[in-house]
Amino acid sequence: MGSIKKIVFLAFILSTFAGCSPYLYIPDSVYMPLAGNKGEFKGNLSYGTSGAGLQASYCVGDHILLMTNISEYNSMNNNAYTPGLLSFPYSYKNFSGDLGAGYFHRIGDHGRVELIAGAGYGSSNSNLEGAPPGYSGIGYSGNLANYTVNGSFLHLFAQPDIGLVYGNYEFGLGVRLSGLNLNGKYSIEQQTDSNKNFVRAVYNTNLNGTTLIIQPALMVSLGLEKVKLNLGLGYSGKLSGPNIDANYGTVYQNFFVSAGVTVNLFRKL
């Protein structure tokens with residue numbers, strides 16, 4: 001699990017550094033119940049670009065399920081900036097949580113289709129120090145910039161999934177469509193004096209309004225009938241809504257990945 005966390009953390013840092021800004025919105029971990037019968041329970045512990053996560057679903061009827069998806073990312077680096085790709089101070093505090101309900105249906109013995117809808121809340125209080133806008137972080141040794149994002153969002157989502165479920169493996173494809181109501185602020189300050197204080201405002205904007213996001217994703221689980229290792233990959237694309245000037249980075253994370261352990265109980269194959 002330690003190597004998985006290192007790989008996922010590296011992906012998070014690379015994506016953040018490439019965007020030159022911390023994120024206001026980070027997608028939840030990929031989760032697809034792929035339910036098949038009343039009484040079935042599925043629980044998942046994961047770690048990914050959205051941090052540590054807990055996902056669970058329970059089938060309350062022959063075709064109705066309830067689900068939750070919670071993620072939290074807290075990480076800090078107090079080391080001084082040095083020229084290079086990953087050597088910069090940062091503090092990330094991101095949270096997201098969803099509740100939903102859905103309809104599921106079996107197709108033969110192994111096919112699954114489902115449609116889940118729900119609502120959620122998220123927040124971010126994050127910053128990093130790095131090369132100012134327009135400069136590459138590789139080899140840069142001048143005055144630094146401090147990138148800060150603070151805010152929260154409410155969202156509604158709908159997620160259709162389709163997949164195959166066998167005793168030792170599962171495979172699913174899904175698309176989540178989310179409408180976010182943002183309430184945030186993004187700013188950049190740059191060092192300008194000999195004491196390296198951040199005193200000059202480079203960019204400052206409010207991020208308020210509705211954003212529409214689409215997120216195609218895939219999930220693969222391998223292992224025993226009741227316990228499996230899983231991997232989820234996805235892409236988050238903004239269709240509309242407020243954004244910052246492209247010259248100053250982005251506050252929406254695009255690529256997301258998660259890995260973890262899934263437990264299935266009371267499943268009828």
Side-chain angles (χ1 to χ4, degrees), residues 25-46 48-72 95-108 110-122 153-166 169-181 210-221 228 230-239 252-253 256-269:
Y25 175 71
I26 296 177
D28 290 335
S29 298
V30 176
Y31 184 62
M32 302 178 196
L34 300 181
N37 58 269
K38 181 180 179 179
E40 179 180 338
F41 171 83
K42 184 175 186 178
N44 186 56
L45 290 174
S46 65
T49 47
S50 59
L54 172 65
Q55 300 83 34
S57 60
Y58 180 74
C59 301
V60 297
D62 292 332
H63 295 285
I64 303 299
L65 66 85
L66 303 176
M67 62 80 65
T68 185
N69 190 345
I70 300 172
S71 299
E72 186 171 21
F95 170 83
S96 63
D98 294 339
L99 291 173
Y103 174 87
F104 67 90
H105 182 72
R106 296 177 71 117
I107 302 176
H110 303 291
R112 304 287 191 270
V113 293
E114 59 195 19
L115 175 62
I116 302 169
Y121 168 83
F153 61 85
L154 299 173
H155 80 122
L156 300 175
F157 69 89
Q159 176 183 317
D161 303 322
I162 186 169
L164 294 172
V165 174
Y166 289 84
Y169 67 91
E170 300 176 17
F171 175 79
L173 294 172
V175 179
R176 169 179 280 203
L177 186 65
S178 293
L180 308 178
N181 184 13
T210 301
T211 296
L212 188 62
I213 290 179
I214 188 169
Q215 297 167 337
L218 65 87
M219 180 200 71
V220 177
S221 297
K228 297 179 178 65
N230 71 76
L231 176 67
L233 302 169
Y235 175 80
S236 181
K238 187 173 75 71
L239 300 178
Y252 303 96
Q253 187 180 57
F256 54 101
V257 57
S258 62
V261 178
T262 298
V263 175
N264 293 106
L265 301 176
F266 315 116
R267 167 177 282 177
K268 298 176 183 178
L269 294 174

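Below, each value reflects all heavy atoms present in this structure, side chains not excepted, and no hydrogens, waters or symmetry copies.
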### Message
Run Thr211 and Phe153 through side-chain contact (heavy atoms from CB on, under 4.5 Å) and show every step you take.
### Response
CA-CA 10 Å; Thr211 296; Phe153 61 85; over 6 Å; no

### Task
List the steps and the verdict of side-chain contact (heavy atoms from CB on, under 4.5 Å) for Ile70 and Phe95.
CA-CA 8 Å; Ile70 300 172; Phe95 170 83; 3.8 Å; yes

Looking at [atom1] of [X] and [atom2] of [Y], how far apart are the two atoms once the value is rounded to the nearest 0.5 Å?
X: Leu218; Y: Leu231; atom1: CG; atom2: CG; result: 7.5 Å
X: Asn69; Y: Asp98; atom1: CG; atom2: CG; result: 5.5 Å
X: Asn37; Y: Phe266; atom1: CG; atom2: CZ; result: 10.5 Å
X: Thr68; Y: Leu54; atom1: OG1; atom2: CG; result: 7.0 Å
X: Arg176; Y: Ile214; atom1: CZ; atom2: CD1; result: 12.5 Å
X: Leu212; Y: Leu177; atom1: CG; atom2: CG; result: 5.0 Å

Which pair of heavy atoms, one from [X] and one from [Y], lies closest together, and at what distance?
X: Gln55; Y: Ser29; answer: NE2-CB, 3.6 Å
X: Met32; Y: Lys42; answer: O-NZ, 2.9 Å
X: Pro160; Y: Val175; answer: CD-O, 2.8 Å
X: Asn230; Y: Ser221; answer: CB-OG, 3.2 Å
X: Gly36; Y: Arg106; answer: O-CD, 2.9 Å
X: Glu40; Y: Leu34; answer: OE2-O, 4.2 Å

### Query
So His110 and Tyr166, would you call those rings parallel, tilted or perpendicular, with 30° and 60° as cut-offs?
parallel

### Task
Evaluate the side-chain contact (heavy atoms from CB on, under 4.5 Å) criterion for residues Gln215 and Phe256: first the C-alpha distance (whole Å), next the side-chain angles of each, then the deciding distance (0.1 Å), finally the verdict.
CA-CA 10 Å; Gln215 297 167 337; Phe256 54 101; 4.2 Å; yes

### Task
Check the pair Tyr31, Ser258 against side chain to side chain donor-acceptor pair (under 3.5 Å), reporting the backbone distance first and the verdict last.
CA-CA 9 Å; Tyr31 184 62; Ser258 62; over 6 Å; no

Could you check whether any side-chain N or O of [X] sits under 3.5 Å from a backbone N or O of [Y], counting only pairs where one atom can act as donor and the other as acceptor?
X: Tyr252; Y: Ser236; answer: no
X: His155; Y: Gly179; answer: no
X: Ser178; Y: Phe157; answer: no
X: Ser96; Y: Glu72; answer: no
X: Asp28; Y: Ser50; answer: no

### Message
Given Lys228, which partner from the list Val263, Asn44, Asn264, Val220 fulfils the side-chain contact (heavy atoms from CB on, under 4.5 Å) test?
### Response
Asn264

### Query
What pairs meet the salt bridge (charged side-chain N to carboxylate O under 4.0 Å, His left out) rule with one or both residues in residues 52-64, with sequence neighbours excluded?
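Residue pairs passing salt bridge (charged side-chain N to carboxylate O under 4.0 Å, His left out), neighbours aside: none found.
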
### Message
For Leu65, give me all partners under side chain to side chain contact (heavy atoms under 4.5 Å, CB included), at least two apart in sequence or on another chain.
### Response
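Scan of Leu65 (side chain to side chain contact (heavy atoms under 4.5 Å, CB included), adjacent residues dropped) gives Pro33, Ala35, Cys59, Met67, Phe104, Glu114, Ile116.
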
### Query
Is it true that atom NZ of Lys38 has more than 12 heavy atoms of other residues, nucleotides or ligands lying nearer than 6.0 Å?
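12 or below, so no.
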
